[in-house]
Amino acid sequence: MKKIFDYNAKKIPCGIIGRARELAWPCEMFRITLPKLKRVEDSDFNPLEMCVLKLLAYGRYEAETLAEETCLPLDLIELILLRLYEHEKIDEYNQLSSNARNEIEKLNTKDTTPTDYETCVIFRECIDGVLLPFIKDNDDAKPVELEDDFTLKGSIRLRELFPSQKTFPTPTVNDIISALRTMARRHKVSNDDYRIPPVEYISVIPDGPCALRVRMVIQRNSDWRILNPFGKGFTPELEPVYDNLLERNQEEANSFRQWQMKNKGERPVRQSGERDRKVEPYETEENRSSYPELLSALRRADGVYAALEWALYYALQEVPFKPIVQSLQIDTRENIVKRLSEASNDLELEVEPRLLSWLVPTEGKLQSFLEHEDAQMGVVLPLAIFAAHADSNSMFHKVAKAHPNLVPRISALKERRDIKAHGKNRMEQIYGEDDCAFMQDVVTTLLPSIIFSSSPTEKKDDKNTSADIRFDARLALQDFFGVAVFNRMDSNLQENLLRAEIFQQEHASEPTKEETTKAQETSSSSDSIAERIDALPCINALYAAAQCAFRPFLVGGEQPASATIDAAAQKAENVGFGEMPESLRTVRQDMLQRTLDGDDQTLGASVIAWLLLADNDLLQQVAKTLPSFFSDIDNLLTLRGHGNQSSMMQEKEINAHCKAIYKLINTIMEA
């Protein structure tokens, strides 16, 4: 029977889902002999002062010389010398006092000869051969009593993990020293208090195979972790080992999956489809009819920036904006920058030169604003500045006077929104309370009928329910992609897929009886019974996830000879993708070039760069596996648009779009 060692703390950390998973982790134990060293006495000097004092002991008395030899700033050296003088360590000529000289000699002649030795144990796990940096006292190294193979007292059955067939070498003395240093860092023990013993005083003796009791838990954020088998916290050494094991061992992946499902089954049934959301004062029938997109943005948790765009858009509809647009259409870019600068100065707005360039709308964006009700900040904000400049009594002028930092503040909101929208950061909350208050003030000033409640909306912060939804979403994604593939994904990709899946989980409720009855009375179509949902948050998450999936393929590739959209379209047609859709053909060449240079800008630019960089065999495999590749990308780009316009869908449509993008991401990753 294999020896099992149990160093586990008795308490499981709070904030976990379900029960811990008990593992018998295969290891090899080694007994090591370490010297007990004399404890280093404390010194009154900090490291910089000690360095300066030692140089002074060698006769380096000038501050300039000390600065040159230490590579420290002269003013810092002078400050150190002043402090040493105040503590009577040096005199006015920077010469050491007898007291300081005695302290230095004492520190330089510390006795490092071991006076005694102790025997400890250390473990190497035998799946990937990682030496665990936890050195334990030999007296604690006693195997636990078992009722039978891998069953502890109390009927706790440990799942046995099997060691690799590889043979791992006995740890070297340098390995032991590295483990000691890791322990010192984790326990925040400085080198002044804990001395690493000299190599010649350490010995290592193998003690044979064994197993460690290791526990795995699921945190409330739905991420699984492995508890430190020797005490508090988690163990980052074992987690990547188990990650690799899941990928290459299907039996273990199935067992891991069963444990997750068991924890899900032991939880109380979650009540979904909560419909008691607080109704805000602005949610009137008149406002719904007049400002539908603005109200949709206000209802979204990440809709602060979009709400500003739509508020400016709707406010512009109430003023004569067409003459301003016409003047911009016939003007040069250089002159528009000059006019914006003059208008901003007259309004006392803080606008940096770099932001003036952002505020120059292109002909295409102006046309889209006029014909397609497209609210883009790069159009509505400069129009608002010109409108405020033209009429000092307008709402735009009031906003400019109330917020002189309007432009840089909106630009900062855009930068944060773009980081999340393009899958470059995991942050869940991109807007704070100050951002919401700023948005509400601007919106109410522009559109007085939009009135917000005086007190913030009370959100039901049920951490358990949120964790349950996230856990269910993670399980659903692991079902689709497989445990190993999902765990291998980049954290940003995982997070955006979870956002999309959580959206589905939160809206996966049946219509109420009253809604069903009402729908049946108004239409005989079964589709009309299903509730239509604003799926934009889900679409945005899918867009960011897809961009994350392409990102690894855009790094390190050789730049193509012809880096144009036409070249990508021709290559795609040659390998079997078919004709490139218009949504990809309209990608700007500068965006494509920046993406090829390693800074992916948009999903469209990422797809085209991938087509240019990937070899023909890979592209042919993807085209054969996923004939709908171009249509799926085109649908996603079309649905997302500028990322601020509501996208009303039924639940089954949302699910279909999610599955299509999941399949596309999986195909890309597995190609």
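For the single chain, residues carry numbers from 1 onward in sequence order.
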Derivation and outcome, salt bridge (Lys or Arg N to Asp or Glu O under 4.0 Å), residues R157 and E22 = CA-CA 7 Å; R157 179 73 180 178; E22 301 280 358; over 6 Å; no

key: Stepwise side chain to side chain contact (heavy atoms under 4.5 Å, CB included) test for T151 and I156   = CA-CA 6 Å; T151 301; I156 299 176; over 6 Å; no

Could you pull out the closest heavy-atom pair between [X] and [Y], with the gap in Å?
X	Y	value
N263	G18	OD1-CA, 3.4 Å
E237	V241	O-CG2, 3.4 Å
A568	I608	CB-CG2, 3.6 Å
R640	A421	NH2-CB, 3.5 Å
I127	F168	O-CZ, 4.0 Å
S562	A567	O-CB, 3.4 Å

ask   = Going through the checks in order, is the salt bridge (Lys or Arg N to Asp or Glu O under 4.0 Å) test met by R585 and D566?
value = CA-CA 8 Å; R585 284 190 170 275; D566 288 339; 3.3 Å; yes

Looking at side-chain heavy atoms only, is the closest gap between [X] and [Y] below 4.5 Å?
X	Y	answer
F162	N249	no
V575	L611	no
Q570	M580	no
M489	L497	yes
L475	M261	yes
M216	L227	no
M649	H657	yes
V217	W224	no

Spacing of [atom1] belonging to [X] relative to [atom2] belonging to [Y], to within rounding of 0.5 Å:
X	Y	atom1	atom2	answer
L158	R21	CG	CZ	11.5 Å
R532	M648	CZ	CE	6.5 Å
R474	I17	CZ	CD1	10.0 Å

Residues in side chain to side chain contact (heavy atoms under 4.5 Å, CB included) contact with [X], at least two apart in sequence or another chain:
X	result
D617	D615, Q620
T625	Q621, T667
L294	Y291, L298, A307, W310, A311, Y314, V443, L447, I450

Any donor and acceptor pair, going by atom type alone, linking the side chain of [X] with main-chain N or O of [Y] inside 3.5 Å?
X	Y	result
Q494	F486	yes
T595	M591	yes
K420	D302	no
E309	M377	yes
E252	L246	no
T638	N635	no
E125	G129	yes
S255	E251	no
K571	L612	yes
Q589	A563	yes

Any carboxylate oxygen within less than 4.0 angstrom of a Lys/Arg side-chain nitrogen, looking at [X] and [Y]?
X	Y	result
E280	R299	no
E247	R488	yes
D418	K414	yes
E495	R470	yes
R416	D435	yes

Quick one about [Y] and [X] (side-chain donor to acceptor, distance below 3.5 Å, no hydrogens or angles considered), yes or no?
X	Y	answer
Q650	E653	no
D599	Q601	yes
N254	Q250	yes
E293	Y313	no

message = Please verify the inter-ring angle class for Y7 with F230; under 30° counts as parallel, over 60° as perpendicular, anything in between as tilted.
response = tilted

key: Residue pair E501, C658: steps toward the side chain to side chain contact (heavy atoms under 4.5 Å, CB included) verdict   = CA-CA 8 Å; E501 191 64 33; C658 285; 5.5 Å; no

inquiry  = Does anything in residues 565-597 form a ring pair (Phe, Tyr, Trp, His ring centres under 6.0 Å)? List the pairs, not counting sequence neighbours.
reply    = F577-F629, F577-F630

query = Any chance the rings of W25 and F123 have centres within less than 6.0 Å?
reply = no

key: Qualifying residues under salt bridge (Lys or Arg N to Asp or Glu O under 4.0 Å), relative to R225, sequence neighbours excluded   = E239

Residue pair L584, L637: steps toward the side chain to side chain contact (heavy atoms under 4.5 Å, CB included) verdict = CA-CA 9 Å; L584 288 177; L637 294 175; 3.8 Å; yes

Distance-only check: which donor-acceptor pairs under 3.5 Å involve side-chain atoms of residues 533-551, not counting sequence neighbours?
residue: D534; atom: OD1; partner: L536; partner atom: N; Å: 3.2
residue: D534; atom: OD1; partner: S647; partner atom: N; Å: 3.0
residue: D534; atom: OD2; partner: R300; partner atom: NH1; Å: 3.0
residue: Y543; atom: OH; partner: L603; partner atom: N; Å: 3.0
residue: Q547; atom: OE1; partner: H422; partner atom: ND1; Å: 2.9
residue: Q547; atom: OE1; partner: L603; partner atom: N; Å: 3.3
residue: Q547; atom: NE2; partner: D600; partner atom: OD2; Å: 2.9
residue: R551; atom: NE; partner: D600; partner atom: OD1; Å: 3.1
residue: R551; atom: NE; partner: D600; partner atom: OD2; Å: 3.0
residue: R551; atom: NH1; partner: G423; partner atom: O; Å: 2.9
residue: R551; atom: NH2; partner: H422; partner atom: O; Å: 2.8
residue: R551; atom: NH2; partner: D600; partner atom: OD2; Å: 2.9

